Protein chains: 2
Amino acid sequence: MPTPSKSSTAFVEDVDTRFLETLLGYNARRAALAVIEVFLVEMAPFDLRPVDFSVASLVLHNPGITSRQICAALGILPPNLVALLNGLEKRGLVVRRPHPNDGRATGLHPTPECVEMLRAAEKKASELELKACSKLSESERKTLLRLLQKVYR
Amino acid sequence: MPTPSKSSTAFVEDVDTRFLETLLGYNARRAALAVIEVFLVEMAPFDLRPVDFSVASLVLHNPGITSRQICAALGILPPNLVALLNGLEKRGLVVRRPHPNDGRATGLHPTPECVEMLRAAEKKASELELKACSKLSESERKTLLRLLQKVYR
DNA sequence: TATTGTTATACTCTATAACTATA
DNA sequence: TATAGTTATAGAGTATAACAATA
């Protein structure tokens with residue numbers, strides 16, 4: 001049995017994480033790590049990282065969306081989006097066209113390949129979602145999403 | 001009014017994020033970003049990043065804990081913990097002592113300075129927690145933590 | 001043989017400053 | 001003067017391989 005404290009001979013059998021578990025940041029990070037782990041494995045066939053998938057999905061559902069709008073929606077910085085979009089464009093998933101109302105901006109549009117691929121990828125993501133939330137009831141899953149949205153909105 | 005789809009003249013007024021909002025990963029990331037933003041500002045006086053705080057808190061509550069145990073509890077890799085612990089040791093918050101039962105391992109112990117500083121830092125973190133969850137009732141906050149834990153445990 | 005802590009190193013992610021074209 | 005997209009670059013975070021000491 002470990003000495004309770006201050007002794008140089010103390011050691012730990014079961015790590016006490018009770019304090020950290022009272023913090024939203026700690027729990028959100030652990031949960032996100034668990035979900036991303038599943039995502040990386042299951043989405044490997046599409047060769048889409050979480051952020052690639054998010055961007056492609058936004059373009060699919062928002063034809064003509066601009067870089068700035070994507071950055072705002074995903075919490076990423078404009079310089080870091082450039083290479084990502086170049087990649088999606090090179091793969092023939094996204095095309096850049098001039099913005100109709102603003103000469104500074106560029107509209108991002110999904111190609112037919114994007115529509116087809118993302119239909120399958122989103123389906124897979126939704127299945128994977130249920131897998132990641134397998135310990136939750138459907139009602140609990142909906143509650144969890146709602147409460148998380150209340151935090152960041 | 002933007003053309004619904006496929007037109008090169010389409011543009012977006014309000015970004016449709018409804019699909020992504022059905023995914024736990026997206027919502028957990030957004031919530032974590034919101035919480036960390038508050039954390040970085042409020043914890044600046046302690047000069048502790050979230051991960052430094054988590055490690056120091058674990059050492060405080062688990063005198064004699066090993067590197068491996070910290071890595072397992074926080075989901076970080078052993079090589080990346082070394083420099084972090086060196087920093088905490090240099091600041092006089094943590095000391096390394098031989099493990100009583102295992103010659104390979106090192107026990108990590110909090111100094112009196114750690115006890116004092118972390119008492120204040122944990123108090124601040126708990127206050128900050130309520131701030132980050134200001135849009136949630138106390139009951140909702142508890143539910144949120146419980147459901148997140150169900151996901152990763 | 002396996003595990004702990006460590007070093008070295010590579011890779012990815014994130015952040016800042018500055019430029020251009022346009023508003 | 002401000003904003004969108006971009007470039008270059010720096011910094012932080014995360015990953016793998018390999019080693020010495022110990023189990």
Side-chain angles (χ1 to χ4, degrees), chain A residues 11-13 15 25 29-30 32-34 36-37 39-41 44 47-55 59 62 64-90 94-109, chain B residues 11-13 15 25 29-30 32-34 36-37 39-41 43-44 47-55 59 64-90 94-109:
Chain A
F11 69 97
V12 175
E13 290 191 42
V15 177
R29 178 169 185 272
R30 302 286 319 207
L33 285 177
I36 288 172
E37 191 177 11
F39 188 99
L40 292 177
V41 175
D47 194 25
L48 291 172
R49 295 165 303 162
V51 64
D52 297 317
F53 172 78
S54 300
V55 169
V59 173
N62 301 273
I65 192 174
T66 68
S67 292
R68 302 306 274 222
Q69 289 177 313
I70 290 177
C71 287
L74 298 181
I76 57 183
L77 293 167
N80 300 327
L81 185 60
V82 177
L84 194 160
L85 285 175
N86 289 342
L88 293 180
E89 196 170 37
K90 227 167 229 168
V94 166
V95 290
R96 290 187 238 228
R97 298 207 196 105
H99 192 283
N101 295 357
D102 188 338
R104 299 168 302 179
T106 306
L108 299 163
H109 299 261
Chain B
F11 68 98
V12 175
E13 290 192 40
V15 176
R29 177 168 186 272
R30 301 286 319 204
L33 285 177
I36 288 172
E37 190 176 15
F39 189 100
L40 291 177
V41 174
M43 298 296 275
D47 194 23
L48 292 173
R49 296 164 303 163
V51 65
D52 298 316
F53 173 78
S54 300
V55 170
V59 173
I65 192 173
T66 68
S67 292
R68 303 306 276 224
Q69 289 177 312
I70 290 177
C71 287
L74 299 181
I76 57 184
L77 293 167
N80 300 326
L81 185 60
V82 177
L84 194 161
L85 285 176
N86 289 343
L88 293 180
E89 197 171 36
K90 229 168 226 167
V94 167
V95 290
R96 289 186 239 230
R97 299 208 194 103
H99 192 283
N101 295 358
D102 189 337
R104 299 168 301 181
T106 305
L108 299 162
H109 299 262

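Within every chain, numbering begins at 1; the chains are lettered A, B, ... in the order of the sequence lines, protein sequences first and strands thereafter. This structure is a prediction, so every number in the text was calculated from the model and none was measured.
- Rounded to an integer number of Å, the gap from CD1 of B/Ile76 to P of D/dG13 is 11 Å.
- Atom CG in A/Leu84 sits about 14 Å away from atom P in D/dT7, given to the nearest Å.
- A/Leu85 places its CG atom 11 Å from the P atom of D/dT7, with the value rounded to the nearest Å.
- Note that the CG atom of B/Leu33 and the CD atom of B/Glu37 stand 8.5 Å from one another [nearest 0.5 Å].
- B/Gln69 contributes no side-chain N or O that, together with a main-chain N or O of A/Val15, makes up a donor-acceptor pair within less than 3.5 Å.
- In this structure, A/Leu33 and A/Pro78 both approach DNA chain D, and ranking their closest nucleotides by distance from the 5' end singles out A/Pro78.
- Among the nucleotides C/dT7, D/dA23, D/dT7, the one closest to the side chain of B/Pro79 is C/dT7.
- In this structure, B/Ile36 CD1 and A/Arg29 CZ are separated by 8.0 Å, a value rounded to the nearest 0.5 Å.
- Atom CZ of B/Phe11 and atom P of D/dA4 are 15 Å apart (whole Å).
- Picking from C/dG5, C/dT16, D/dT16 the nucleotide with the shortest atom distance to the side chain of B/Thr106 gives C/dG5.
- At a cut-off of 3.5 angstrom, the base of C/dA15 holds at least one donor-acceptor pair with the side chain of A/Asn80.
- Distance CG (B/Asp102) to C1' (D/dA21): 11 Å, rounded to an integer number of Å.
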Let's go through B/Arg96 and B/Leu108 carefully: what are the C-alpha distance in whole Å and the side-chain angles of both, what is the deciding distance for side chain to side chain contact (heavy atoms under 4.5 Å, CB included) to 0.1 Å, and is it a yes or a no? CA-CA 5 Å; B/Arg96 289 186 239 230; B/Leu108 299 162; 3.5 Å; yes

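- Protein atom CG of B/Leu77 is 14 Å distant from nucleotide atom C1' of C/dA10, rounded to whole Å.
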Determine, stepwise, if the pair A/Asn80 / A/Leu84 fulfils side chain to side chain contact (heavy atoms under 4.5 Å, CB included). CA-CA 7 Å; A/Asn80 300 327; A/Leu84 194 160; over 6 Å; no

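- Phosphate proximity of D/dA4 to A/Arg96: absent, as no side-chain N or O sits under 4.0 Å from OP1 or OP2.
- For the pair A/Arg104 and A/Arg29, both in contact range of DNA chain D, the more 5′-proximal nearest nucleotide belongs to A/Arg104.
- The base of C/dT4 does not come close enough to the side chain of B/Arg68 for any donor and acceptor atom to sit less than 3.5 Å apart.
- Following rounding to the nearest Å, A/Arg97 (CZ) and D/dG5 (C1') show an atom-to-atom distance of 18 Å.
- As rounded to whole Å, 16 Å separates atom P of C/dT14 from atom CZ of B/Arg49.
- Nearest nucleotide to the side chain of A/Val82, out of C/dT6, C/dA2, D/dT7: D/dT7.
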